[in-house]
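Just below is one structure, and these are the notes that go with it.
Computed from heavy atoms alone, side chains included, the values below leave out hydrogens, waters and symmetry copies. In the text below, chain A, chain B and the rest are named by the order of the sequence lines, each starting its count at 1.
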Amino acid sequence: LTCWNAMISGYVKNGMVKEGRKFFDQMPVKNLVSWNTMLSGYTQRGEMCLAEEFFEQMEQKDSFSWNLMLDGYIAVGNLGAATKFFQSIPNPNIVSQATMLNGLAKHGSIAEARGIFDQMTEKNVVAWNAMIAAYVQNCMIDEAVKFFNEMPERDAVSWTTIINGHVRIGQLEEAKCLLNRMPCKSVGAQTAIVSGFIRINRIDDARQIFNQIRNRDVVCWNTMIAGYTHHGRMNEAFELLQQMAQKNTVTWSTMIAGFAQVGNMEKAFEMFEHIGERNVVSWNSLISGYAQNGLHVDALKCIVLMMR
RNA sequence: GCUCAUAGCAUC
């Protein structure tokens with residue numbers, strides 16, 4: 001059963017929800033984990049109608065099930081439904097609260113997010129991190145710093161968030177100080193610094209930092225590539241692209257936008273063809289690329305293609 | 001590698 005559940009998980013994590021469902025339906029025995037895994041396939045892709053239908057069919061639900069639904073509503077931006085759903089959760093746990101906190105913060109309701117935080121009887125590092133991120137996203141760096149200093153324990157996400165907070169308001173020096181203070185420098189925190197250099201147009205300095213990072217992940221590579229593409233340095237971007245082991249949709253979209261910006265729509269389309277899982281951003285990058293280069297017919301063709 | 005929440009990357 002554990003094996004079968006892992007199979008469903010594998011399907012839905014790769015965006016193959018249909019196939020996952022087929023597998024799920026054919027399983028002779030299922031447990032709650034099977035149901036939750038399948039549910040996550042819908043909620044994480046924003047298929048909330050299907051999720052609701054599936055959720056109602058579940059004869060047993062646990063906090064995972066409820067939290068998945070809550071996060072699904074937040075992911076599609078339906079804060080009204082999320083708030084209502086949150087209030088209907090039988091026993092909201094720390095994950096439910098952190099999820100709701102995050103949802104409120106992401107939609108600008110910082111005071112309400114803070115309200116949830118204050119109401120939490122127990123707070124873990126994720127709750128603290130979510131609250132710090134909330135302040136960072138709302139450009140309230142002083143509050144973010146205050147929480148960062150007050151929190152009982154900090155993990156790599158805490159550091160990355162606060163570093164990024166300083167990067168976003170152009171305080172790269174302070175960001176670098178924080179990175180120096182960080183006990184175990186994560187790829188994420190270092191990537192935030194790279195993007196800080198890029199933000200102030202110091203691309204070559206960013207590259208120096210990038211080169212020094214060990215265990216670079218796909219986000220790190222994408223950050224550096226975007227640094228080049230935003231400045232029309234497509235040769236360097238392409239060179240990095242060829243060096244990276246695993247590319248994702250963000251990688252390709254970055255390249256599409258980059259080639260579009262320098263007027264090379266042939267190359268942009270070539271990048272587009274590599275995308276396995278096309279999303280709204282990949283289509284947007286291509287369509288706006290055609291439009292910005294005056295190729296309105298191609299843009300329209302693309303829109304038609306997208307809607308099929 | 002059986003299921004849930006927080007950070008660093010792309011379009012507008």
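A heavy atom lying under 4.0 Å from RNA chain B marks the following residues of residues 165-191 of chain A, by number: Val187(A), Gly188(A), Thr191(A).
Note on Asn124(A): a base of the nucleic acid sits closer than 4.0 angstrom, heavy atoms only. Residue-level contact check: Ser288(A) touches the backbone only, with heavy atoms under 4.0 Å from sugar-phosphate atoms and none from bases. At the heavy-atom level, Ala192(A) lies under 4.0 Å from the strands shown only through sugar-phosphate atoms. In this structure, Asp155(A) reaches neither bases nor backbone, as no heavy-atom distance under 4.0 Å exists between it and the strands shown. Using a 4.0 Å heavy-atom cutoff across all strands shown, Lys247(A) reaches no nucleic acid atom at all. The residue Ser253(A) sits close to a base: some heavy atom pair falls under 4.0 Å. Within the 4.0 angstrom heavy-atom criterion, no nucleotide atom of any strand lies near Lys61(A). Among the heavy atoms of the strands lying under 4.0 Å from Thr160(A) is at least one base atom, whether or not backbone atoms are also near.
The phosphate of A5(B) has neither OP1 nor OP2 within less than 4.0 Å of any side-chain N or O from Asn67(A). Dashed line: the shortest gap from a side-chain N or O of Lys13(A) to OP1 or OP2 of C2(B) is not under 4.0 Å. At the phosphate of A7(B), OP1 or OP2 sits under 4.0 Å from a side-chain N or O atom of Gln137(A). Within the structure, a side-chain polar atom (N or O) of Gln292(A) is placed less than 4.0 Å from OP1 or OP2 of C12(B).
Salt bridge status for Arg45(A) with Glu277(A): present, with a side-chain N to carboxylate O gap under 4.0 Å. Between Arg233(A) and Asp204(A) there is a salt bridge, since a side-chain N of the basic residue sits under 4.0 Å from a carboxylate O of the acidic one. Salt-bridge check for Lys22(A) with Glu19(A): failed, with every basic side-chain N at 4.0 Å or more from each acidic carboxylate O.
Computed from coordinates, the Asn102(A) CG to U6(B) C1' distance equals 6 Å when rounded to whole Å. Regarding Ile287(A), its CD1 atom lies at a distance of 11 Å from the C1' atom of C12(B), rounded to whole Å. In this structure, Asp62(A) atom CG and C2(B) atom C1' are separated by 13 Å, rounded to whole Å. Between the CE atom of Met224(A) and the C1' atom of A10(B) there is a distance of 15 Å, given to the nearest Å. Taking atom CG on Leu70(A) and atom C1' on A5(B), their separation rounds to 9 Å, with Å as the unit. The separation between Leu68(A) atom CG and A5(B) atom P is 7 Å, rounded to whole Å. Atom CG in Asn248(A) sits roughly 12 Å away from atom P in A10(B) (whole-Å rounding). Protein atom CG of Leu1(A) is 12 Å distant from nucleotide atom C1' of U3(B), rounded to whole Å.
With G8(B), A5(B), C9(B) as the candidates, the nucleotide lying closest to the side chain of Thr223(A) is C9(B). Listed nucleotides C9(B), C4(B), U6(B) differ in distance to Val157(A); the shortest reach to its side chain belongs to U6(B). Set against U3(B), U11(B), A7(B), the side chain of Val281(A) has U11(B) as its closest nucleotide. Nearest nucleotide to the side chain of Val250(A), out of A5(B), U11(B), C9(B): C9(B). Checked against U6(B), C2(B), A10(B), the side chain of Ala133(A) finds its nearest nucleotide in U6(B).
The aromatic rings of Phe117(A) and Trp128(A) stand perpendicular to each other, their planes meeting at an angle above 60°, with 30° marking the opposite boundary.
Considering only residues two or more places apart in sequence or on other chains, His231(A) meets the ring-ring contact (aromatic ring centres under 6.0 Å, His included) condition with none of them.
Between Phe24(A) and Trp4(A), the ring centre distance reaches or exceeds 6.0 Å.
When Leu241(A), Ile225(A), Val262(A) are each tested for a side-chain contact (heavy atoms from CB on, under 4.5 Å) with Met234(A), only one passes: Val262(A). Of the residues Asn248(A), Asp217(A), Thr191(A), the one that meets the side chain to side chain donor-acceptor pair (under 3.5 Å) test with Asn222(A) is Asn248(A).
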Stepwise salt bridge (charged side-chain N to carboxylate O under 4.0 Å, His left out) check, Arg21(A) with Asp25(A):
CA-CA 6 Å; Arg21(A) 180 57 187 266; Asp25(A) 287 335; 3.1 Å; yes
